[in-house]
Amino acid sequence: MAFSDELLEAGDHIWAAQHEHPFVTELADGTLDEAAFRHWVEQDYRYLLDYARTFAIAGTKARDEATMAHLLGVAHTVLDYEMDLHREFAQEYDLTPGDLEAVRKAPTCVAYTNYLVRTAHEGSIAEIAAAIYPCGQGYLDVARHMADRMDGEHRYTPFVEKYTSDEFAEAVGWMREFVDRCGERYPGEHDAMREAFLTSARLEHAFWEMAYTQEGWAV
């Protein structure tokens, strides 16, 4: 069994919880509160800045040219293409790029991005590979689950289409291969990789909850 499959098997209960989360099911049905989706747009925009930063740092730790080039390329793609999608979503709520840049991260967003950036700085390339994988594979699997639930088009259809696109699936496929290569090359780091994967997976689930409840700071 490929190591990426071992990780997915270890996180199966977290994946099931994501599929059943009301943010996911209501978005698929087209009934999600617009305020909750706006909160997701704002927070995910802030998240993606650090997700790109994590890939960039990972690129400096890669030992071969091809991996370095790909990781740095992903950082650029996130900043250019994926964040453009969020800017398009934001326009529906009269949010400007400046508004998005001024958003204060919610506690869960702080926890997740801090975890990723710390892992990028302090962890091995294998740990980084495992930490970034749940975001890509999680969104692909969740969006496919949403697509299966959908009955016709609605305001959130572009979200589902983006994360079930061939381009996104191809990007996730590379991440999966990256995890497998690290798993084969560094067998002594399997436990650390598994812990990194599960931590990010739990934070993925927490991110849906944060958006659904429109989490903010108490004071």
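Note that CE of Met175 is 13.5 Å distant from CD of Glu170, once rounded to the nearest 0.5 Å. Taking CD from Glu101 and CG from Leu95, the interatomic distance works out to 12.0 Å, rounded to the nearest 0.5 Å. With values rounded to the nearest 0.5 angstrom, Ile128 atom CD1 is found 8.5 Å from Leu71 atom CG. The line from CG of Asp29 to CG of Asp151 is 9.0 Å long, rounded to the nearest 0.5 Å. Interatomic distance, CG of Asp44 versus CZ of Phe89, reported as 10.0 Å (0.5 Å rounding). With values rounded to the nearest 0.5 angstrom, Glu26 atom CD is found 4.5 Å from Thr31 atom OG1.
Looking at Thr157, its side chain does come within 3.5 Å of a backbone N or O of His154 through a donor-acceptor pair. A donor-acceptor pair is defined here as one N or O able to donate and one able to accept, closer than 3.5 Å; no such pair exists between the side chain of Trp15 and the backbone of Glu9. No side-chain donor-acceptor contact under 3.5 Å links Glu184 to the backbone of Val179. Distance alone, capped at 3.5 Å, places no donor-acceptor pair between the Thr199 side chain and the Ala196 backbone. For the pair Tyr45 (side chain) and Pro97 (backbone), a donor-acceptor distance under 3.5 Å is absent. Although no hydrogens or angles enter the test, the distance criterion places no donor-acceptor pair under 3.5 Å between the side chain of His39 and the main chain of Tyr212. Side-chain atoms of Lys61 come within 3.5 Å of backbone atoms of Ala120 as a donor-acceptor pair (strictly under, hydrogens ignored). Put simply, the side chain of Tyr156 gets close to the backbone of Leu32: a donor and an acceptor are under 3.5 Å apart. Of the possible polar contacts, none joining the Gln18 side chain to the Gly138 backbone as a donor-acceptor pair under 3.5 Å is found.
A pairwise comparison of heavy atoms in Val172 and Gly136 identifies CG2-O, 3.4 Å as the closest pair. Shortest non-hydrogen contact noted between His190 and Gly183 is NE2-O, 2.7 Å. Nearest heavy-atom pair, Gln43 versus Ala106, reported as atom, atom and distance to 0.1 Å: OE1-N, 2.8 Å. Nearest heavy atom pair, residue Cys109 against residue Met210, reads N-SD, 3.9 Å. Nearest heavy atom pair, residue Ile57 against residue Thr60, reads O-OG1, 2.6 Å. The nearest pair of heavy atoms linking Thr67 to Ala62 is CG2-CB, 3.9 Å.
Looking at Val78 and Leu48, their side chains come closer than 4.5 Å, going by heavy atoms from C-beta outward. You'll find the side chain of Pro22 stays beyond 4.5 Å of the side chain of Trp208, heavy atoms only. Using a 4.5 Å heavy-atom threshold, the side chains of Phe197 and Arg194 count as separate. Put simply, the side chain of Glu34 reaches to within 4.5 Å of the side chain of Arg155, judged on heavy atoms. Put simply, the side chain of Asp141 reaches to within 4.5 Å of the side chain of His19, judged on heavy atoms. Contact check for Arg185 versus Ile125: no side-chain heavy atoms found under the 4.5 Å cut-off. Looking only at side-chain heavy atoms (C-beta outward), Met83 and Leu100 stay at 4.5 Å or farther from each other. Residues Met1 and Leu8 are not in side-chain contact: their nearest non-hydrogen atoms beyond the backbone lie 4.5 Å or more apart.
Ring geometry, Trp174 versus His70: the interplanar angle falls under 30°, so the pair is classed parallel (tilted spans 30 to 60°). Between Tyr51 and Tyr47, the ring planes lie parallel to each other; the angle is under 30°, not in the 30° to 60° tilted range. A tilted orientation is assigned to the rings of Trp40 and Phe23, their planes being inclined by 30° to 60°.
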Residue pair Ser200, Leu116: steps toward the side-chain contact (heavy atoms from CB on, under 4.5 Å) verdict: CA-CA 8 Å; Ser200 286; Leu116 288 176; 3.9 Å; yes

Audit row: Glu209, Thr108, side-chain contact (heavy atoms from CB on, under 4.5 Å) steps and yes/no: CA-CA 9 Å; Glu209 179 69 9; Thr108 295; over 6 Å; no

side-chain contact (heavy atoms from CB on, under 4.5 Å) between Ile14 and Leu198, worked out: CA-CA 8 Å; Ile14 305 172; Leu198 292 175; 4.0 Å; yes

Trace of the side-chain contact (heavy atoms from CB on, under 4.5 Å) decision for Thr25 with Arg149: CA-CA 8 Å; Thr25 58; Arg149 284 184 60 100; 3.8 Å; yes

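Cluster annotation: Val142 is connected to Phe168 through the hydrophobic network of ILVMFWY side chains, with a link wherever side-chain heavy atoms come within less than 4.5 Å. Under the 4.5 Å side-chain heavy-atom criterion for grouping Ile, Leu, Val, Met, Phe, Trp and Tyr, Met68 is not connected to Leu79 through any hydrophobic cluster. A single hydrophobic cluster is seen to contain both Met150 and Phe159, as judged by linkage of ILVMFWY side chains at heavy-atom distances under 4.5 Å, directly or through other members. In the hydrophobic clustering of this structure, Phe207 does not group with Val103; members are Ile, Leu, Val, Met, Phe, Trp, Tyr whose side-chain heavy atoms approach within less than 4.5 Å, directly or through other members. Residues Leu49 and Tyr115 fall within the same hydrophobic cluster, defined by Ile, Leu, Val, Met, Phe, Trp and Tyr side chains chained together at heavy-atom separations under 4.5 Å.
Classification of Arg38 and Glu42 as a salt-bridged pair holds, one side-chain N sitting under 4.0 Å from a carboxylate O.
A 6.0 Å sphere centred on CG of Asp148 holds more than 12 heavy atoms belonging to other residues, nucleotides or ligands. Other residues, nucleotides and ligands contribute over 12 non-hydrogen atoms within 6.0 Å of the CD atom of Glu161. The number of heavy-atom neighbours closer than 6.0 Å to CZ of Arg104, taken from other residues, nucleotides and ligands shown, is 12 or below.
A donor-acceptor contact under 3.5 angstrom links the side chains of Glu189 and Ser124, judged on distance only. A donor-acceptor contact closer than 3.5 angstrom is absent between the side chains of Glu204 and Tyr139.
Here the two rings, on Tyr133 and Phe178, have centers that are 6.0 Å apart or farther.
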